[in-house]
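Below is one structure, written out as structure tokens; the observations come after it.
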Amino acid sequence: MVDKKIILVSMLLLISFLGCTEQPTETTTTIKAAGEIKIGLVAPLTGGASTTGNDMQEAAELAVEEINAAGGITVGKEKMRVVLIKGDTETNPEQGVKAVTKLITEDEVDILIGGFSSAITYADQKIASENEMPFIITGASSPIVTKRDDIDTSYFFHHCPTTDDYGRDTLIFVDEVVRPAINARFNYSDDRKLRLGMLYQDGKYGEGVLEGAKKAIESEGLMIEIVAEEKFTRSETDYRTALTAIKSAGVDVVYPAAFLNEQTPIVVQGRKDIGLNTIYLSVECNDDPDYYAGVGQLGEYSIQESRFGPYVIPAGSLKAKVERFRSAFKTKWGSQPSMMGASTYEGVYIAAQAIDDADSLVNEDIRDSLNDLKMDEMIEAMQGGTIEFSEDARESKFQLYMQQLIWDDAVGETRPVIVWPDNLKEADFILPEWYESSGD
Amino acid sequence: MKHVVICTILLAALAIPYLPVAVTQFLPFKGASLLGFLILMYAFIMFASAWNLLTYSGQGSLGHAAFLGIGAYTSAIILRYLKPEPLLFNSINLEVILTVMAGGLAASIVGVFIGLTCVRLREWFLGMVTFGFAIIISTITTELRDITGGHDGLPTKHLVAATDFLSRYKMEYYIILAFTVVVIYLIHRILRSKLGLAFEAIRENELEAKVMGINTVKYKLIGFALSAFFSGIAGALMYHHIGYLTPEVFSVENSFKPIIYCIAGGLFTVEGPVLGTVIISALWDGLKSLGLMHEHLVIIGLLLIIIVIFLPKGLVSLLKKVGRKSDAKV
Amino acid sequence: MDLAVLPEIVFWGLYAGCIYILLAVGLNLIFGVMRVVNFAHGELMVLAIYITFFLHNILDLNPYLAFALSIISMFFVGVGIERVCFRPIMGTGKLNEIFMSLALIYLIQNSIFITCNNVDFCNDLNRIRSPLGYEEISFGFMELGADHVVIICVTISLVVMLYLFMKKTSTGKAMMATSQNREVAMLTGINVERMDMLAFGLGSSFAAAASLFWISEIPFTPYSGSINAIKAFAVIILGGLGSISGAIAGGLIYGVAENISAYLFGGGWKHATSFIILIIVLIIRPTGLFGEKEE
């Protein structure tokens, strides 16, 4: 009885071993459904980050609908419709790999867009790279995604600011604007270094912002020193210990690297419970109506770095386009688009433009045309007014701006006002009366 | 009868990569994506079977992702820092297969250590300590960033050095299938052996087992070592296939999945975890491919409730009932 | 390291302990009577938050009134879950109970998500604004937000009420008897199945009470609950299964230890610290701090 089974198993093992020998590569060229361009969206549609995934999906669907309404894209002589195919990463890497494999090999998409959370995107990229699939990353903020050396990254294009970008622009603003204001108020000498407290999320995102801040201080020669580095676990609800530690270190400005559900309690607890009456900075993803509603009056005078927000549209040529996008989004989905939605929306258009320029659906051609791409900025301000990918890291460069939250009696909430850079500025930065400095 | 079923299933599994288009077009997945789905499913079958093995010895773990992760990290780190010469056989990276075993070994050493702290604990206490170890190990992994890459994680080497995507998937499919068959067979043998009897005795009544002269501590540790070993192998294989490893491997979901698969299938049986994993993961991805986002989890939640109320011994008991009926007819 | 801030950290640690206490007491009540651990306890808390949120938005109720109503409605939700889900599987094994609660987690999280996706006033991240605003109450040595005072008072009074209920009323005594020895209780004519429903209902109400921490300051999503339930479970394991005083002691120990470790070693160690303490305690006392000796 036993012997029989052993024989059976070893036989099957042998067969599977034989199965393992190299297969002749099938060279059947896949025939695509005529008249369709398939764009694959990689997003966390279920699981912990599903609310973000939902924003991305809604924005992408709107973009696709608009492109098709305008007649689609002409490739060769054929007018083609754009189809959006969604791949759900379930906010975890194993599922992400499965979803990307399906998009590439089964749905035979022509290009990928999206990607949220660096940990998941790192894994997804492996598959995309092996299949030489162009991927416009609009959600993962780690600068490494286009710079890693373990795979060929030449097919990856990064269309969202990296954590290095936030750190640099935010701290340049602090150095140029906040530090002189503090020095003037407290009669400090000009060479006093501003004392910065970092409070960051335990994860790639938070660490990235911290590293970005350190790099910026070093490379830009900023008069800032980091005097406290406190870490918190994801979705933490109690920041009082970390804030107490930061307060006792003596800081002039606090820079939390946190998501919306974390930033709100940080500001509320810091101001209300700990009495840390200082300027709170904030990373861009918190420029969301829920944030203004959440912090209420306590958010007054805090600083919000941004590129697309619910209340402020930077003056200039963009204004009409942003308003049109907002109202179209509102009509289709009944809600406000988020920042993550904005870059995903642009991602679809960039993909369409690249295919249009390439006039081909061959992966290399699309990649080449993305490399040469030069299109007008759409709904987010870009440096130089055009969307183009840098030669070295294939990153598009956003024009980030700083907003200060000012109380608005009419709505009973704070509203943002752009205070930096000079070309977009609407008002001067205000150092509030209640502000307390750490001392000389 | 039973052998016929097993042979059919195995032959079907072997044939899957060569299924004609006429068949696969009715499936929610095709080609490489079908293989990708099955590869992860097989890895989870191993993982769930390993969890089941520990439970068989009366020790229910709530933190098995710890072993999955240790296996994967050990294997990835050895390859990354020792950089062994590639040992190619038919483009299979044999050195990776070796480090996968090392991963399993490392997991089983940690398993014995965790088992030692758990020998006096029972039921919930044991469950919570194992859960805690998963969190502690995850924290340590993240903090040791010089070795593990912290949150950035590590790239992992593929099992196969094929140039072309589909043939890599095909070969990895067979490698992982082979591992799965061996692991299930070994677990089957273990449960049938003296060891299995000792596990069962401990599970039914530890005190009585002690009185009967069974060295319960020894057997409980063996249970931990074996279960961790198989889990470590499953984890290492899974992440060598995926190609990138981050501390997300220690997630609570990964600890809870084998519990769901095993209990849905049927505890304390060899076929239970296999059946449970196949049905639940097919349902999970199948419902999703029908366009049911979020609804698919509501449906699965309801289904799990129905299963545990009406089939407290799992889906296997349903099969047995059907089997008995057909036998009676014959 | 600055020792002057230590009292403040300990205070906030004790405060953080309150949420564990409310969750753990509820969990322990259920365990004591039914010998069932409900892993979906955190999801019950989230459900309670959303009930408060819906009542507040649809009926325009004062949040604290909505909160009180949600505590009451969660009692009935709890009774329903006990009747439909847990009673049929009682006695089929510990693992089946875990399985049932995992199924409930999927069900509750995703049902809330789907509902919210179809309701106008639901955002990605929701928040209820406390009517007390930023009022502060001065205690001489420190100022404390009015909301925090309410939370502390609610926690203490609920625990005291539970204590009185268990000690003074006949129903409470019957429940105590059931949790001490089910068979004997049954023989003395106590309807143990009614006790099960009552315990599950009360436990769910306590989970609803724990949601007070969210209502006043923290934005929530359908996924906010899970980690807390597991931590609460660790608390009752630390304190000793079935022991209410153990749950209180465990909750406070965790609150303080987590905050001190976060201060000393950084926030990354917060979760790990509580489990390191748990493991050390269990190695010394395998049934927890206040647990009964093994039979």
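For the numbers below, each heavy atom of this structure counts, side chains included, while hydrogens, waters and symmetry mates do not.
C:Trp12 places a side-chain heavy atom less than 4.5 Å from the side chain of A:Ile274. Looking only at side-chain heavy atoms (C-beta outward), C:Tyr263 and A:Ser248 come within less than 4.5 Å of each other. Here the side chains of A:Arg240 and C:Tyr15 are in contact, with some heavy-atom distance below 4.5 Å. Looking only at side-chain heavy atoms (C-beta outward), A:Thr51 and C:Phe113 come within less than 4.5 Å of each other. Counting heavy atoms from C-beta outward, C:His148 and A:Lys272 have side chains that approach closer than 4.5 Å.
Here A:Thr46 contributes atom OG1 and C:Gln109 contributes atom CD; the two are 10.5 Å apart, rounded to the nearest 0.5 Å.
Neither the backbone nor the side chain of A:Ser235 comes within contact range of chain C; no heavy atoms are under 4.5 Å apart. Only the side chain of A:Asp55 comes within contact range of chain C, with heavy atoms under 4.5 Å apart. For chain C, no part of A:Val267 is nearby; none of its heavy atoms comes within less than 4.5 Å. Contacts of A:Gln297 with chain C are made by both backbone and side-chain atoms, with heavy-atom separations under 4.5 Å. Residue A:Gln336 does not touch chain C at all, counting heavy-atom pairs closer than 4.5 Å. A:Ala242 does not touch chain C: none of its heavy atoms, backbone or side chain, sits under 4.5 Å away.
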* **Stepwise side-chain contact (heavy atoms from CB on, under 4.5 Å) check, C:Ile218 with A:Asn261** => CA-CA 7 Å; C:Ile218 296 156; A:Asn261 61 334; over 6 Å; no
* **Step-by-step side-chain hydrogen bond (donor to acceptor under 3.5 Å, both in side chains) determination, A:Ser50 to C:Tyr223** => CA-CA 10 Å; A:Ser50 51; C:Tyr223 307 95; 3.1 Å; yes
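With respect to chain C, the highest number of heavy-atom pairs below 4.5 Å among A:Gly294, A:Pro265, A:Ala245 belongs to A:Gly294.
Within a 6.0 Å sphere centred on CZ of A:Arg234, heavy atoms belonging to other residues, nucleotides or ligands number 12 at most.
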